[in-house]
Amino acid sequence: MMVADVGLVAGSVAAAVLVLAAMARWIPQRWRDDGLPSIIDQFAGINKTLFSFILALSLVSATASLNQAGTQVNAEAASLTNLYWASRPLAPGQRDRLRELTREYTATVIGEEWPAMAEGRTADRAQELYDEMRRTLQDADKGTARENEFTRDALVALRAVGDARRARVLSISQEIPPYLWYGLIGSAILVVLGAAAQIPRLSVPGALSVGLLALLLSSVLAVLSALNHPFGGGIHVEPDSLRYAMDRFAVI
């Protein structure tokens, strides 16, 4: 958990205890005697069910986006390795140029584009290198039928790289929808308010129970926030498969 998340959790706990103190002081005793706790208890049960439902939807959405992004990165790394293999039968000049661009593209994605994706952007240099790889193959001098077949095979492998790249770039913006966040945060606040309203006076056990409830709910939301960005959250996809592809380039 990052420092900002720890601060948010600590602030939530402190705010919950302050709310408990305010409610214990300002809610009239006659309201409690007239059945306010039972009314709040019924509402709290519905609200807890709503919170659990929204939390489950959000977790499914976040983990699905994270897993999908990881699959796309693995596909791109595999396609780059296949492209490197496909370059073997090409003419020496074309092969060497394509391999140089492939290595530079992979290194750029790891070193430049990954930090940019954490901020919701891409690296222009990576796209330029991909376009240059395509030009290298498409603008090659026409040779024998067999050489042309090797070039077409390399183009097929390059298109697979492009497809995987586009899928990875699109996954940068895959996040939990804002309306789910609104529902989660609002429902969590109501859960804490309902618990605080049922405690008649400020006491150490009461403050401890409300504080622990706020700690639990805010920690869950902090973990969910870490899962929210496939490439920029506290829990995110690493370019390990691309690093492995770089290692493979050295032996192909």
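Computation of the quantities below employed the complete heavy-atom set of this structure, encompassing side-chain atoms and omitting hydrogens, waters and symmetry-equivalent molecules. Note that this is a predicted model, so its numbers are computed, not measured.
- Summarising the geometry of His236 relative to Leu66, their closest heavy-atom pair is CA-CD1, 3.9 Å, with the distance given to 0.1 Å.
- With 3.5 Å as the limit, one finds no donor-acceptor pair spanning the side chains of Gln72 and Arg165.
- Here the shortest heavy-atom pairing between Ala16 and Ala214 reads CB-CB, 3.5 Å.
- Pairing each heavy atom of Pro230 with each of Ala69, the nearest pair is CB-CB, 3.7 Å.
- Residues Ile54 and Ile46 are members of separate hydrophobic clusters, defined by side-chain heavy-atom contacts under 4.5 angstrom among Ile, Leu, Val, Met, Phe, Trp and Tyr.
- The closest side-chain heavy-atom distance from Ser12 to Val9 is not below 4.5 Å.
- Put simply, the side chain of Ser171 never gets that close to the backbone of Gln174: no donor and acceptor are under 3.5 Å apart.
- How far CZ of Phe231 is from CZ of Arg168: 6.5 Å, rounded to the nearest 0.5 Å.
- Between Arg125 and Glu104, at least one side-chain N (NZ, or NE/NH1/NH2) sits under 4.0 Å from a carboxylate O, which counts as a salt bridge.
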Query raised in the report: Please walk me through it: do Glu238 and Val73 pass side chain to side chain contact (heavy atoms under 4.5 Å, CB included)?
Result: CA-CA 9 Å; Glu238 295 284 356; Val73 173; over 6 Å; no

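- Using a 4.5 Å heavy-atom threshold, the side chains of Glu132 and Tyr105 count as separate.
- Contact detail for Leu158 and Tyr130: the closest heavy-atom pair is O-OH, 3.2 Å.
- Checked by atom type, the side-chain pair Arg97/Thr136 shows no donor-acceptor distance below 3.5 Å.
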Report task. Determine, step by step, whether Leu227 and Leu59 satisfy the side chain to side chain contact (heavy atoms under 4.5 Å, CB included) criterion, reporting the C-alpha distance in whole Å, the side-chain angles of both residues, the deciding distance to 0.1 Å, and the verdict. Result -> CA-CA 8 Å; Leu227 287 167; Leu59 282 173; 4.2 Å; yes

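- A donor atom on one side chain and an acceptor atom on the other are found under 3.5 Å apart for Tyr84 and Arg103.
- Within the 4.5 Å cutoff, the side chain of Ser58 has heavy atoms near those of the Leu184 side chain.
- Distance check: Glu112 CD to Asp124 CG gives 10.0 Å after rounding to the nearest 0.5 Å.
- Arg243 meets the side-chain hydrogen bond (donor to acceptor under 3.5 Å, both in side chains) test with Asp240; sequence neighbours excluded.
- Val17 and Val191 fall into different hydrophobic clusters, where Ile, Leu, Val, Met, Phe, Trp and Tyr residues are linked whenever their side-chain heavy atoms come under 4.5 Å apart, directly or through other members.
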**Report entry** Residues Arg248, Leu80; criterion side chain to side chain contact (heavy atoms under 4.5 Å, CB included); working and verdict
**Finding:** CA-CA 10 Å; Arg248 290 291 298 152; Leu80 285 165; over 6 Å; no

Query raised in the report: Between Arg152 and Glu149, does a salt bridge (Lys or Arg N to Asp or Glu O under 4.0 Å) hold up when you go through it step by step?
Result: CA-CA 5 Å; Arg152 285 194 297 270; Glu149 182 180 354; 5.2 Å; no

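- Annotation: side chain of Met246 is in contact with side chain of Ile110 (closest heavy-atom distance under 4.5 Å).
- For the pair Thr102 and Thr106, the tightest heavy-atom approach, listed with the atom from each and the gap, is O-OG1, 2.9 Å.
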Requested in this report: Step by step, work out the side chain to side chain contact (heavy atoms under 4.5 Å, CB included) result for Met117 and His229.
Outcome: CA-CA 10 Å; Met117 289 192 301; His229 304 279; over 6 Å; no

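- Put simply, the residue from Thr122, Ile172, Thr108 that forms a side chain to side chain contact (heavy atoms under 4.5 Å, CB included) with Glu113 is Thr122.
- The hydrophobic clustering, which links ILVMFWY residues whose side-chain heavy atoms are closer than 4.5 Å, places Ile176 and Ile185 together.
- To the nearest 0.5 Å, atom CG of residue Leu155 and atom CE of residue Met133 are 11.5 Å apart.
- Leu217 has its side chain out of reach of Val220: every pair of non-hydrogen atoms, C-beta onward, lies at least 4.5 Å apart.
- Counting heavy atoms from C-beta on, the side chains of Val192 and Val19 never come closer than 4.5 Å.
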Requested in this report: Take Arg166 and Asp163, measure what salt bridge (Lys or Arg N to Asp or Glu O under 4.0 Å) needs, and give me the verdict at the end.
Outcome: CA-CA 5 Å; Arg166 282 188 292 274; Asp163 291 340; 2.2 Å; yes

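- Rounding to the nearest 0.5 Å places OG of Ser187 at 12.0 Å from CG of Leu180.
- Both Leu90 and Ile252 are part of a single hydrophobic cluster, where members link through side-chain heavy atoms under 4.5 Å apart.
- The residues Arg135 and Glu128 are annotated as not salt-bridged, no charged nitrogen and carboxylate oxygen being separated by less than 4.0 angstrom.
- In the displayed structure, Arg121 atom CZ is contacted under 6.0 Å by more than 12 heavy atoms of other residues, nucleotides or ligands.
- Two residues are said to be in side-chain contact when any heavy atoms from C-beta on lie closer than 4.5 Å; Ser225 and Trp181 meet this criterion.
- Atoms CZ and CG, on Arg134 and Leu129 in that order, are 14.0 Å from each other to the nearest 0.5 Å.
- Considering all non-hydrogen atoms of both residues, Ile199 and Ala195 come closest at CG1-O, 3.5 Å.
- With Asn228 contributing its side chain and Glu175 its backbone, the two residues share no donor-acceptor pair below 3.5 Å.
- Phe249 places none of its side-chain heavy atoms less than 4.5 Å from the side chain of Arg99.
- Both Leu50 and Tyr179 are part of a single hydrophobic cluster, where members link through side-chain heavy atoms under 4.5 Å apart.
- Here CG of Leu137 is found 9.0 Å from OG of Ser87. Values are rounded to the nearest 0.5 Å.
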